[in-house]
Protein chains: 2
Amino acid sequence: MGIGAEERLILEDYLRERGQKMTRPRETVLEAFLKLERHVTAEELFAAAQRLDPSIGQATVFRTIKLLADAGLAREACPDEGARRYEHSYKHEHHDHLVCLGCGAIVEFKDPAIERAQDAIYVKYGYRPSNHRLELEGYCPVCAKKKVGV
Amino acid sequence: MGIGAEERLILEDYLRERGQKMTRPRETVLEAFLKLERHVTAEELFAAAQRLDPSIGQATVFRTIKLLADAGLAREACPDEGARRYEHSYKHEHHDHLVCLGCGAIVEFKDPAIERAQDAIYVKYGYRPSNHRLELEGYCPVCAKKKVGV
DNA sequence: AAGAGTATGATAATCATTATCAATACGATT
DNA sequence: AATCGTATTGATAATGATTATCATACTCTT
Ligand SMILES: [Mn+2]
Ligand SMILES: [Mn+2]
Ligand SMILES: [Zn+2]
Ligand SMILES: [Zn+2]
């Protein structure tokens, strides 16, 4: 069983349910995405997909990453001032991000106390929860040293 | 003492320190901003400023709202899928946002437990804190009712 | 193999924001 | 109050990410 077989099936099911088709370009984008274990922009994904198939178009990458997100295989995370970024969603639990403003290093974390407190906020105001985004910005130990006193 | 006198002085000091000048357009944008007690886009601010002075240019609004942010009078908050939004910062403490995906209603809240837990994360990973962004999305009581079962 | 309908890639269009630049306004100094 | 060196302005073009268009190509079921 090849890499990404499970994800491929998920995408196929998702497409079939909606009368859409599994195509070669979509396979290519999925494969490129699964190989990139990072928070990736559409442009980076486009470059990776082109390495697998130079004939692939940019528009297709934008369209497909959205499909992957709808299908539950990808999820938006860590927008990069201007560009969206996506990360794996399938078998990758929700988490928050601590990002270094100096070098871009990203720590992924999940704090039960924070998650619980957020749920309490929803309850307090009678809102039905959908999703949340928590991003902590700062300077990693290395970059903090470089900017002493700033 | 007119409305916004304090803020005006803050802006003047900020500009003087950097060899920049207090100008009529900047006054106009500040006045328009202070009157808008909401999370506002540059475009909305532009419209409001034009009502005060039809000759004002859009570029000036973009430039000035950034100045206000640097000067500590404004702060980015609640980006509106595509466009930045700004809110008052002077004498308006940090807070997080709970936003309704149905009608756009925004609840501002501050949870000491969450803030504390966030600080702990910074400590745990040795990061120097800069700022953080927490946004809870969901459906307000009214909109939740309209979408029962969705 | 054929047909109906979806997907593709190239390209143009959007939208928010920024850069450019000649003309103008500030404000310190005289 | 007039002068002068700079900073600022508004109009406009440019940018960058994303989306829309559309003629052609592909999928998948029959
Ligand atoms: Mn992540
Ligand atoms: Mn707010
Ligand atoms: Zn760093
Ligand atoms: Zn609502």
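As the structure is a computational prediction, the values presented were derived from the model and not from experiment. Within every chain, numbering begins at 1; the chains are lettered A, B, ... in the order of the sequence lines, protein sequences first and strands thereafter.
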Considering only side-chain heavy atoms of [X], which listed nucleotide, [options], is closest?
{"X": "A:Arg63", "options": "C:dG9, D:dT19, C:dT18", "answer": "C:dG9"}
{"X": "A:Ala59", "options": "D:dA17, C:dG5, C:dT11", "answer": "C:dT11"}
{"X": "A:Thr23", "options": "D:dT9, C:dT8, C:dT6", "answer": "C:dT8"}
{"X": "B:Lys21", "options": "D:dT8, C:dT6, C:dT17", "answer": "D:dT8"}
{"X": "B:Pro25", "options": "D:dT9, D:dT27, D:dT18", "answer": "D:dT9"}

Task: Pairwise 5' ranking along DNA chain C for B:Thr41 and A:Val61, keeping only the more 5' one - done: A:Val61
Open item on the list: Please compare B:Ala83 and B:Arg24 by the position of their nearest nucleotide in DNA chain C and report the one closer to 5'.
Closed with: B:Ala83
Open item on the list: For the CD atom on B:Glu37, are there more than 12 heavy atoms of other groups (residues, nucleotides or ligands in this structure) within a distance under 6.0 Å?
Closed with: yes
TODO: Please round to the nearest 0.5 Å and tell me the distance separating atom NZ of B:Lys91 and atom CD1 of B:Ile10.
DONE: 8.0 Å
Task: Presence of A:Arg26 side-chain N/O under 4.0 Å of C:dT8 phosphate oxygens OP1/OP2 - done: yes
- [ ] Indicate whether OP1 or OP2 belonging to C:dA7 is found under 4.0 Å from a side-chain N or O atom of A:Thr60.
- [x] no
Open item on the list: I need the minimum non-hydrogen distance between B:His88 and B:Arg75, along with the two atoms involved.
Closed with: O-NH1, 3.8 Å
Task: Donor + acceptor pair across side chains of B:Glu137, B:His97 (<3.5 Å) - done: no
Open item on the list: Between B:Asp53 and B:Gly19, which residue's closest nucleotide on DNA chain D lies nearer the 5′ terminus?
Closed with: B:Gly19
Open item on the list: When you measure only distances, ignoring hydrogens and angles, does the side chain of B:Arg16 come within 3.5 Å of the base of C:dG27 through a donor and an acceptor?
Closed with: no
